K.L.:
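Have a look at the structure that comes next, please.
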Number of protein chains: 2
Amino acid sequence: MVKINEVAQAAGVSISTVSYALSGKRPISPDTRRRIEKAVHELGYSPNAGARMLAGSRTQIFALTEPLRKDTHAPTHMAFVLATAVAARRNDYDILLLTDEDATAGMSRVASNGLVDAILVLDVAPDDERVKLARAISTPTIFIGIPNDNAGLVCVDLDFAAAAELAVDRLADAGHRAIGLVGQPEVSYEMSNFPPRVLAAFEKRAGERDIRSGFGATGSKHTSRTATRRTVARLLDEGATALVLHCTEEAHVVVLGELAERGLRVPEDVSLVSVGASFDTAALRTPVDMIPLVPQTSCDLAVDLALQSLGEDRPEPGLRLIDPVYAAHGSLAAPPGGSAD
Amino acid sequence: MVKINEVAQAAGVSISTVSYALSGKRPISPDTRRRIEKAVHELGYSPNAGARMLAGSRTQIFALTEPLRKDTHAPTHMAFVLATAVAARRNDYDILLLTDEDATAGMSRVASNGLVDAILVLDVAPDDERVKLARAISTPTIFIGIPNDNAGLVCVDLDFAAAAELAVDRLADAGHRAIGLVGQPEVSYEMSNFPPRVLAAFEKRAGERDIRSGFGATGSKHTSRTATRRTVARLLDEGATALVLHCTEEAHVVVLGELAERGLRVPEDVSLVSVGASFDTAALRTPVDMIPLVPQTSCDLAVDLALQSLGEDRPEPGLRLIDPVYAAHGSLAAPPGGSAD
DNA sequence: TTGAAAGCGGTACCAT
DNA sequence: ATGGTACCGCTTTCAA
């Protein structure tokens, strides 16, 4: 393990010069700089992490808390973890994983031992217990997701409400008068923060546009497709000519299968719009229009905010809602028989 | 951020006494110990991570490298990450996530800046590039999975070969003379380390027991069930009276569906044994016998080995193969018509 | 533009 | 059983 003094000696300069050359915090003559870089390279020097944390006051580590509930959707979750890690690395930060049984335990630990510069919160529940802890500690904390009680917090997320409204608007504009929402498994409306936002905005906007709206949950395991099929059947029976999908990829597949079995074509007989999916609905056997949830967008922003929290102008508390984007894939058309009711 | 000297003062003892009381590295009188613990508790003291890393030579952090290829099965992968994190925490260790595009970059970085005490390697490929790096660095490295070239490495994994043999043996013992293997998507036989081990051992043991064996891959996405159905159809056509399943939960479901459609009962008409699954095959609509892959077992052992690597008697290089365990769920019986061919 | 040296907050050796 | 203190390797004043 080569140390800074060895580099200094090899380059024929003082320790502090090496340090400054590496941090760029003060001007170094081109010549000196070259000799130092040469020494660093030849000796394979890499500053000791512990010493850096102690002397400087940056650890170059962010904590990521993820309380992995049994209902978390693994692929989506992983996409967020990955996106966070990538964004962090791009800024020379590493990610420390906090998956404690007790979500708050790890958080308060790293907050009080100074292991991390900031904390990123994933898998936010409506009444998340990490909220009050975040208010109590001094380590900057960024929520990816929006808890009910979010006063004073920095939160980042897709604007799910706007996304739901956008979906309703597009369908209403196309002439649909009755729209069904195929939602998450029931339990998610208590455990997670965004499903309720979609549902509420969907119903509100439908009301505003004088549209009849229906709602139904999906099954929580792909082994029970029944719940999903029943929901689709009911919504169609109630007269829906379009469905908004806010569910897993598996559930999308089941919906498409159910429509196919009933001999219904997309978009001639039924229009579809997927909201908040983080997989590619254009790759399904029937491509579906989508207003995607892009983990990278949220995570990049979250990391930016975390970095900003370390500087002078700490970000204002408040929600950062990401504008929804509509991607057409041909699953939206006018309802059969024109815009009749 | 309360420091050790404040604790010492509050408890009316010296700094070193506090340190020793906390580490338990030398006897402390019951009375003193109580006062120190009281002070620690009241002040909410938690030793500074950076200072510890620098002074002691333990960072209390393990790195976990996971090069997230596009074909990695998210739920299984997450189960391993979670199991590792839990095992680590139980031993007062945190997990630092290394998900660099370049898998080796992060590894060599943490190896040379002393950020972690050991490295755990996940998602091992047959010709994994992290192998030669592991040999080059001084940070102890534990592989969870077995690369082809594993000389000198410490590797932990389920004994997939023994598991495959056990499956064949049970079926052969029950009288089956023709067995099919429903395997992974084709690409996995190049990208991952364990599918080839199952396949090879399956065929070898079948040969030894004079059993006709067949093999077929599954589809790589649940959207393409066709490949899986075709494989099942072919294996049955070839006369298989039993199937060994080494595939995803989705594929299991498809297999069961295909059997049901053909009017085949389990186990009366076809026997099934699942090998290396990390989900519960007993919870499927038809419970299936399994020889499970238990992430916790592998990860606990890996963490143990990592800890051991930090002490005096570093573990011998070599493979640690975990014995397979057979869990019966009623999907195995004699072939129809007795043990006729 | 460069150097010397004072910490950062613990750990563990050497005393008592 | 307890205390004093020399480091651990780097960052960052303060001086030149």
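Numbered from 1 within each chain, the chains take letters A, B, ... in sequence-line order. None of these values were measured; they are calculated from a predicted model.
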K.L.:
Quick one: B:Met1 CE to C:dG10 P, roughly how many Å, whole number?
P.N.:
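It is 10 Å, rounded to the nearest whole Å.
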K.L.:
Would B:Thr17 and B:Ser14 count as having a side-chain donor-acceptor pair, cut-off 3.5 Å?
P.N.:
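B:Ser14 and B:Thr17 do have a side-chain donor-acceptor pair below 3.5 Å.
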K.L.:
Using the rule given for salt bridge (charged side-chain N to carboxylate O under 4.0 Å, His left out), can you reason through B:Arg109 versus A:Asp94, listing the C-alpha separation, both sets of side-chain angles and the distance that settles it, and then say yes or no?
P.N.:
CA-CA 11 Å; B:Arg109 184 166 45 82; A:Asp94 273 309; 2.5 Å; yes
K.L.:
A:Asn48 has an atom CG; how far is it from atom P of D:dC8, in whole Å?
P.N.:
12 Å
K.L.:
Whether B:Arg26 contacts C:dA12 is assessed here as follows: a side-chain N or O lying under 4.0 Å from the phosphate OP1 or OP2. Is that the case?
P.N.:
no
K.L.:
Have a look at B:Ser23 and say if it touches a base, only the backbone sugar-phosphate, or nothing, with a 4.0 Å heavy-atom cut-off.
P.N.:
nothing
K.L.:
Check whether any side-chain N or O of B:Tyr45 sits under 4.0 Å from OP1 or OP2 of C:dG10, and answer yes or no.
P.N.:
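Yes, because at least one side-chain N or O of B:Tyr45 sits under 4.0 Å from OP1 or OP2 of C:dG10.
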K.L.:
According to a strict under-4.0 Å criterion, is A:Ser16 in side-chain N/O contact with OP1 or OP2 of C:dA4?
P.N.:
no
K.L.:
Can you check whether B:Ser57 has a side-chain N or O nearer than 4.0 Å to OP1 or OP2 of C:dT11?
P.N.:
no
K.L.:
Output, in order, the C-alpha distance, side-chain angles, deciding distance and verdict of side-chain contact (heavy atoms from CB on, under 4.5 Å) for B:Asn91 and B:Val303.
P.N.:
CA-CA 9 Å; B:Asn91 294 282; B:Val303 166; 3.7 Å; yes
K.L.:
Report yes if a side-chain nitrogen or oxygen of B:Ser19 is closer than 4.0 Å to either non-bridging phosphate oxygen (OP1 or OP2) of C:dG10; otherwise report no.
P.N.:
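No, no such contact exists.
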K.L.:
May I ask you to verify if any side-chain N or O of B:Ser29 is less than 4.0 angstrom from the OP1 or OP2 atom of D:dT2?
P.N.:
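True: B:Ser29 side-chain N/O within range (under 4.0 Å) of D:dT2 OP1/OP2.
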K.L.:
Heavy atoms under 4.0 Å, any strand shown: does A:Ile15 hit a base, just sugar-phosphate, or nothing?
P.N.:
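Since a base atom lies under 4.0 Å of A:Ile15, the category is base.
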K.L.:
Looking only at side-chain atoms of A:Lys3, point me to the closest of D:dC10, C:dT1, C:dG10.
P.N.:
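It is D:dC10.
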K.L.:
Whole angstrom is fine here: how far is it from CD in A:Glu6 over to P in D:dC10?
P.N.:
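It is 9 Å, rounded to the nearest whole Å.
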K.L.:
Assign each of B:Thr17 and B:Leu54 to its nearest nucleotide of DNA chain C by heavy atoms, then name whichever residue's nucleotide is nearer the 5' end.
P.N.:
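Checking each residue's closest nucleotide, the 5'-ward one belongs to B:Leu54.
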K.L.:
Tell me the interatomic distance from A:Ile36, atom CD1, to C:dG3, atom C1', rounded to whole angstroms.
P.N.:
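For the pair A:Ile36 CD1 and C:dG3 C1', the rounded distance is 12 Å.
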K.L.:
Does a side-chain N or O from A:Ser14 land closer than 4.0 Å to OP1 or OP2 of C:dG3, or not?
P.N.:
yes
K.L.:
Nearest to the side chain of A:Pro27, which nucleotide is it out of C:dT1, C:dT2, D:dT11?
P.N.:
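Minimum distance to the A:Pro27 side chain belongs to C:dT1.
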K.L.:
Check this one for me: any side-chain N or O of A:Lys25 less than 4.0 Å away from OP1 or OP2 of D:dT12?
P.N.:
yes
K.L.:
A:Leu22 has an atom CG; how far is it from atom P of C:dT2, in whole Å?
P.N.:
14 Å
K.L.:
Measure CZ/A:Arg58 against P/C:dC8 and give the value in whole Å, please.
P.N.:
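That distance rounds to 18 Å.
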K.L.:
Measure CZ/B:Arg35 against C1'/D:dT2 and give the value in whole Å, please.
P.N.:
11 Å
K.L.:
C:dG3, C:dT1, D:dC10: which one has an atom nearest the side-chain heavy atoms of A:Val13?
P.N.:
C:dG3
K.L.:
Measure from CG on A:Asn113 to C1' on C:dG10 and round the result to the nearest Å.
P.N.:
13 Å
K.L.:
Between A:Asp157 and A:Arg197 (salt bridge meaning N to carboxylate O under 4.0 Å), is one present in this structure?
P.N.:
yes
K.L.:
Within the distance-only criterion (no hydrogens, no angle test), does the side chain of A:Thr84 pair as donor or acceptor with the backbone N or O of A:Phe80 below 3.5 angstrom?
P.N.:
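It does hold such a pair.
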K.L.:
Going by an N to O cut-off under 4.0 Å, is there a salt bridge joining A:Arg90 and A:Asp300?
P.N.:
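Salt bridge between A:Arg90 and A:Asp300, a charged N being under 4.0 Å from a carboxylate O: yes.
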